[in-house]
Amino acid sequence: MFTILKNRNNGQNQPQAHKREISVTGALTEVLRPGIPAMYLYQGNLIRTSAVQAILEASASHVRFETLNSIYTICYNNQPGDIFGITA
């Protein structure tokens, strides 16, 4: 009597949703760990993300990580002119 419709590809090969990219100059308040929300200071405010899914990149100047909805880049110390390569 009732027909049950199924997704023909069973959830496979579906396009990934585009994640919002967020870049800020701030400071992590604790070590990044997959499965745990990240917390960072930005302009005097404590920001908490959703759970970290993956740490994509880490260096002395910045960290890049992925959460459920976003990809974050947190630069630790961004001096004026660093982004644009201004020299005197």
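The model shown is predicted, which means the values in this text are computed figures rather than measured ones.
The hydrophobic cluster containing Val31, built from Ile/Leu/Val/Met/Phe/Trp/Tyr side-chain heavy atoms closer than 4.5 Å, comprises no other residue. Summarising the hydrophobic clusters (Ile, Leu, Val, Met, Phe, Trp, Tyr; side-chain heavy atoms under 4.5 Å, direct or chained), the residues clustered with Leu46 are Met39, Leu41.
With rounding to the nearest 0.5 Å, the separation of OH in Tyr76 from CG in Leu28 is 4.5 Å.
Ser61 is linked by a side chain to side chain donor-acceptor pair (under 3.5 Å) to Ser59, counting only residues two or more places apart in sequence or in another chain. Considering only residues two or more places apart in sequence or on other chains, Gln43 meets the side-chain contact (heavy atoms from CB on, under 4.5 Å) condition with none of them.
For residues 28-56, there are no salt bridge (Lys or Arg N to Asp or Glu O under 4.0 Å) pairs, not counting sequence neighbours.
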Test side-chain contact (heavy atoms from CB on, under 4.5 Å) on Glu57 and Ile55; report intermediate values, then the result. CA-CA 6 Å; Glu57 187 177 344; Ile55 300 169; over 6 Å; no
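Follow the hydrophobic side-chain contacts under 4.5 Å out from Tyr42 and you reach Val52 in the same cluster.
Applying the side-chain contact (heavy atoms from CB on, under 4.5 Å) test between Tyr40 and each of Thr49, Asn45, Leu32 identifies Thr49 as the sole match.
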Return all side-chain donor-acceptor pairs below 3.5 angstrom for residues 65-72, not counting sequence neighbours, or 'none' if the list is empty.
unit_1: Glu66; atom_1: OE2; unit_2: Lys19; atom_2: NZ; d: 2.5
unit_1: Thr67; atom_1: OG1; unit_2: Ser70; atom_2: N; d: 3.2
unit_1: Thr67; atom_1: OG1; unit_2: Ser70; atom_2: O; d: 3.2

